[in-house]
Amino acid sequence: MRREDPISHTTSRPLEIRGLDLDFGTPRGRIHALRNISLDVPAGQVVGIVGESGSGKSTLAYAVLGLLPENADVTAGSIVFEGRDLLKMSAPARRSLLGDRLSMIFQDPMTALNPVRTIQSQMIDIQHHEQSSRSEKRGRAIDMLNRVGIPDPQSRIAAYPHHFSGGMRQRICIAMALLVRPALLIADEPTTALDATLEVQIIHLLKDLQKEIGCSILFVSHHLGVVAELCDRVAVMYAGEVVEQGAVRDIFHNPAHPYTRALLECDPGRIRKKTRTLPTIPGEVPSLLGGKRGCIFRQRCPQAFNRCAQENPVEYRIGVDQVARCHLLGEERLIPA
Ligand code: SF4
């Protein structure tokens with residue numbers, strides 16, 4: 001039977017990640033790609049993950065989807081989705097969630113769509129969990145294409161992916177991802193390959209459909225403006241750790257972690273003075289090979305002090321709904337979260 005909208009979620013937090021550690025085995029040693037990640041995606045909310053390249057944003061998204069390479073090894077923690085720990089489920093049980101309760105949109109729509117099959121056959125196949133006829137599934141696919149702004153969907157549904165522009169292909173991917181009415185949609189940099197105008201259109205479309213369907217979204221992006229526009233909450237990642245998280249308005253107006261502040265200062269959308277060169281954060285993301293002691297950001301942090309090289313900072317709560325990992329917050333006598 002087809003589910004009726006809006007979806008009733010079994011929990012107020014469809015996704016709860018706790019203490020997640022993930023390594024990649026390489027010939028040079030183990031890369032500690034994710035360390036002690038704890039993150040919630042509440043029902044009906046959009047949670048952004050931001051950070052520089054190499055911060056672990058996409059690795060985290062792929063860990064939730066169960067689409068990691070064979071050399072990935074989760075060494076601690078849990079990923080609880082609708083009350084079940086995904087890490088304890090069998091591979092077939094996990095696969096059965098994909099394209100049903102859990103859906104995704106990737107950066108490059110061409111890698112998500114099968115180039116030798118029509119949009120129609122792909123949109124009908126993705127509804128394999130539904131007990132309805134082919135013509136009903138086709139009707140729903142046309143309806144969804146119409147909602148994402150594909151002109152003349154009745155005839156265009158018979159076309160192949162290469163008959164569409166990049167922006168239209170990403171609209172089709174959004175239509176496919178939401179057609180199954182997932183509880184959680186994971187979007188990995190879905191607008192990065194698009195120009196600025198298309199990016200705005202896609203973000204508004206995603207926001208409207210998310211509200212209509214009532215799903216949650218985990219939205220990976222390096223574009224802070226897009227995150228501010230779309231998301232309710234944001235987690236800031238640096239070198240495999242979540243260094244700060246909270247409501248978007250708090251993080252953007254009152255960042256507590258030196259890395260979050262540096263990231264915001266480098267956002268082209270927030271620079272008010274005329275400049276020929278965009279600011280960058282001095283230094284580089286450190287290698288994640290081998291064990292680490294102290295704060296992972298200390299080589300680039302303008303406020304680092306002795307303790308930062310000795311101890312890994314714990315999470316401190318700032319206000320009601322914001323936490324950050326920085327020893328300075330302990331010096332301000334904030335209470336660990
Ligand atoms: Fe900077 Fe130290 Fe805070 Fe790390 S713990 S962000 S190095 S002040």
Side-chain angles (χ1 to χ4, degrees), residues 17-23 30-40 47-60 76-77 220-224 227-228 231 233-268 270-271 278-337:
I17 301 171
R18 291 289 175 272
L20 185 69
D21 287 343
L22 185 146
D23 295 352
R30 289 182 83 79
I31 294 176
H32 301 296
L34 299 178
R35 292 183 311 286
N36 196 16
I37 303 281
S38 292
L39 181 77
D40 290 341
V47 177
I49 305 182
V50 297
E52 293 165 287
S53 297
S55 61
K57 320 182 285 289
S58 294
T59 302
L60 179 59
V220 175
S221 181
H222 64 274
H223 192 157
L224 297 175
V227 169
C231 299
R233 301 182 58 77
V234 61
V236 181
M237 287 192 72
Y238 181 74
E241 294 182 10
V242 172
V243 295
E244 182 163 10
Q245 58 179 307
V248 160
R249 63 178 178 280
D250 293 335
I251 302 284
F252 277 66
H253 291 129
N254 182 31
H257 195 281
Y259 177 63
T260 312
R261 285 199 286 271
L263 207 55
L264 289 169
E265 278 161 18
C266 296
D267 177 19
R270 296 166 72 99
I271 296 168
L278 287 174
T280 53
I281 304 174
E284 288 173 10
V285 178
S287 160
L288 299 180
L289 269 172
K292 292 278 172 286
R293 188 170 171 209
C295 174
I296 193 78
F297 187 55
R298 68 181 184 279
Q299 287 92 349
R300 303 171 79 186
C301 179
Q303 291 163 278
F305 58 108
N306 288 346
R307 191 176 166 198
C308 305
Q310 306 300 327
E311 292 170 44
N312 200 356
V314 297
E315 219 168 46
Y316 291 93
R317 186 167 295 284
I318 307 119
V320 182
D321 197 19
Q322 184 179 0
V323 289
R325 289 179 182 276
C326 173
H327 289 311
L328 289 172
L329 301 168
E331 303 285 310
E332 290 173 18
R333 302 194 187 286
L334 291 179
I335 300 163

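Ligands are counted one by one from 1 in listed order, and the atoms in each one are counted from 1 as well. Numbering starts at 1 and runs along the sequence shown.
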Q.
Is it the case that the side chains of Gln322 and Arg233 hold a donor-acceptor pair, with the cut-off being a distance below 3.5 Å and no angle test?
A. no
Q: Give the residue and atom name of whichever protein heavy atom lies nearest to atom 4 (Fe) of ligand 1, and the separation in Å to one decimal.
A: Cys295 SG, 2.3 Å
Q | Ligand-side contact atoms (ligand 1) for residue partner Pro258, heavy atom cut-off under 4.0 Å | A | 6 (S)
Q.
Can you tell me how far apart SG (Cys326) and OH (Tyr259) are? Round to the nearest 0.5 Å.
A. 14.5 Å
Q.
Give me the residue, atom name and distance of the protein heavy atom closest to atom 1 (Fe) of ligand 1.
A. Cys301 SG, 2.3 Å
Q. Any N/O/S of Cys308 under 2.8 Å from atom 4 (Fe) of ligand 1?
A. no
Q. If you round to the nearest 0.5 Å, how far is CD1 of Ile251 from CZ of Arg261?
A. 11.5 Å
Q | Option set Leu329, Thr260, Asn312, Leu328, criterion heavy-atom distance to atom 8 (S) of ligand 1, minimum | A | Leu328
Q: Please state which part of His257 comes within less than 4.0 Å of ligand 1, counting heavy atoms only: side chain, backbone, both or neither.
A: side chain
Q: Please examine the side chains of Gln245 and Val234, heavy atoms only from C-beta on, and report whether any two atoms are closer than 4.5 Å.
A: no
Q.
Using 30° and 60° as the class boundaries, would you call the ring planes of His327 and Phe305 parallel, tilted or perpendicular?
A. perpendicular
Q) Any side-chain donor-acceptor pair under 3.5 Å between Arg325 and Tyr238? A) no
Q: Write out the residue and atom name of the closest protein heavy atom to atom 5 (S) of ligand 1, then the distance separating them to 0.1 Å.
A: His327 N, 3.3 Å
Q: Tell me which protein heavy atom sits closest to atom 3 (Fe) of ligand 1, plus the residue, atom name and distance to 0.1 Å.
A: Cys326 SG, 2.3 Å
